[in-house]
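Okay, structure first, notes after.
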2 protein chains.
Amino acid sequence: MQKEQMTKLIPFLKERGLRITPQRTLILQTILTLKGHPTVEDIHRQIPQISIATIYNNIKLFVSLRILKELPYGNGLSKYELANQPNHYHILCESCGDIFDFNYPTLTQIEHVARKLTQYQIFSHQMEVYGLCPTCQNETKVKEGD
Amino acid sequence: MQKEQMTKLIPFLKERGLRITPQRTLILQTILTLKGHPTVEDIHRQIPQISIATIYNNIKLFVSLRILKELPYGNGLSKYELANQPNHYHILCESCGDIFDFNYPTLTQIEHVARKLTQYQIFSHQMEVYGLCPTCQNETKVKEGD
DNA sequence: TTAACTGCAAATCCTTTGCAAAGGC
DNA sequence: GCCTTTGCAAAGGATTTGCAGTTAA
């Protein structure tokens, strides 16, 4: 499965004159392994032998190539996920900053409406629901009980 | 209209032991005047006599009081809007970073679904459509034509 | 071979903070 | 008068960049 993702990636990069370096392979494998929505720091913690500047530079490259999506929500720290994920939206905890996926049919209609109303050329859309995760709900209750 | 917003705000702040300072009034008036989705820099440009640290601190306060909403999308520079706006979603230009509102009925159902699937306590949701604004579409065409 | 890439260190950008002075209430 | 707030300057944290050495193709 990870191998499949990589196999698709190689010609994609080569067509653009970009190289398959061990660093690039490792960064993508690490994101695949971590599964959730890792930060640059999360990725670097897994592969500390790779310079953090290289991780930043490649993450930026992958976002511009639409291989990754940036989730810039939590407190100035961006998180990242693979772009070719099945339909889902995000729910964020306002207390701990956790991001969780939930399945929901893609709201394709909204893109059509947006195009008609704004004359933008549309690429994609994202949705975030804000709330408190179960763990942080309990912590709030404990504090109130003091 | 601006006066109305301010009149509501005064008791809201006082109840919480917070003060109505000229700086706070000016920052909110400036956001009302700018209308769109100003950055801290945009606000400071309008009222340079107020220290940028004070602007940052008060914006942060207003966000925590849910008077303002933070839009953390463009390239590490947050934009802000008043929280009590009528139903709308955002469309963002991937080239120039412009944020534009478009009207669409609030997707209340998605909050219910999210709650059931995740057990989060839900506060709100936001949606962003990504694309190219008409101006940037034209610029791309011009470049391609060279 | 050579153009792209890595990694270090320095620079940059945005934001927060410590603290003394000012000022709402 | 008390306690919050302001504003400066310094600190902090995340990200980008310049550049010399390295390496994929």
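As a basis for the values below, the full set of heavy atoms in this structure was taken, side chains included, without hydrogen atoms, waters or symmetry mates. Just so it is clear: chains get the letters A, B, ... in the order the sequence lines come, proteins before strands, and each one is counted from 1.
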**OP:** Assign A:Ile52 to base, sugar-phosphate, or nothing according to its heavy-atom contacts below 4.0 angstrom with the strands shown.
**Re:** nothing

Original post:
Would you find a donor on one side and an acceptor on the other, under 3.5 Å apart, between the side chain of B:Gln126 and the backbone of A:Tyr130?
Top reply: no

Original post:
Are B:Leu28 and B:Phe62 side-chain neighbours, meaning at least one heavy-atom pair lies under 4.5 Å?
Top reply: yes

Original post:
Mapping B:Glu41 and A:Thr21 to their closest nucleotides on DNA chain C, which lands nearer the 5' end?
Top reply: A:Thr21

**OP:** Map B:Ile20 and B:Gly76 onto DNA chain C by nearest heavy atom, then report which one ends up closer to the 5' terminus.
**Re:** B:Gly76

Original post:
Any side-chain N or O of A:Tyr56 less than 4.0 Å from the OP1 or OP2 oxygen of D:dT16?
Top reply: no

In Å, rounded to the nearest 0.5 Å, how long is the span from [atom1] of [X] to [atom2] of [Y]?
X: A:Ile52; Y: A:Arg45; atom1: CD1; atom2: CZ; value: 10.0 Å
X: B:Ile27; Y: B:Ile50; atom1: CD1; atom2: CD1; value: 5.0 Å
X: A:Asp101; Y: A:His37; atom1: CG; atom2: NE2; value: 3.5 Å

Original post:
What do the steps show when you test A:Asp42 against A:Thr39 for side-chain hydrogen bond (donor to acceptor under 3.5 Å, both in side chains), and what is the final call?
Top reply: CA-CA 5 Å; A:Asp42 292 333; A:Thr39 62; 3.1 Å; yes

Original post:
So with a 6.0 Å cut-off around CD of B:Gln85, is the heavy-atom count from everything else above 12?
Top reply: yes

Subject >> Rounded distance (Å) that lies between atom C1' of D:dC3 and atom NZ of B:Lys14 >> reply: 16 Å

Could you go through nucleotides 18-23 of chain D and list every protein N or O atom that sits under 3.5 Å from one of its N or O atoms, giving the distance for each pair?
{"residue": "D:dT23", "atom": "O2", "partner": "A:Arg19", "partner atom": "NH1", "Å": "3.4"}

Original post:
Step by step, would you call B:Glu111 with B:Arg115 a salt bridge (Lys or Arg N to Asp or Glu O under 4.0 Å)?
Top reply: CA-CA 6 Å; B:Glu111 297 196 4; B:Arg115 182 169 57 82; over 6 Å; no

Subject >> Covered region of DNA chain C, 5' end to 3' end, by chain B [heavy atoms, under 4.0 Å] >> reply: C:dC14 to C:dC25

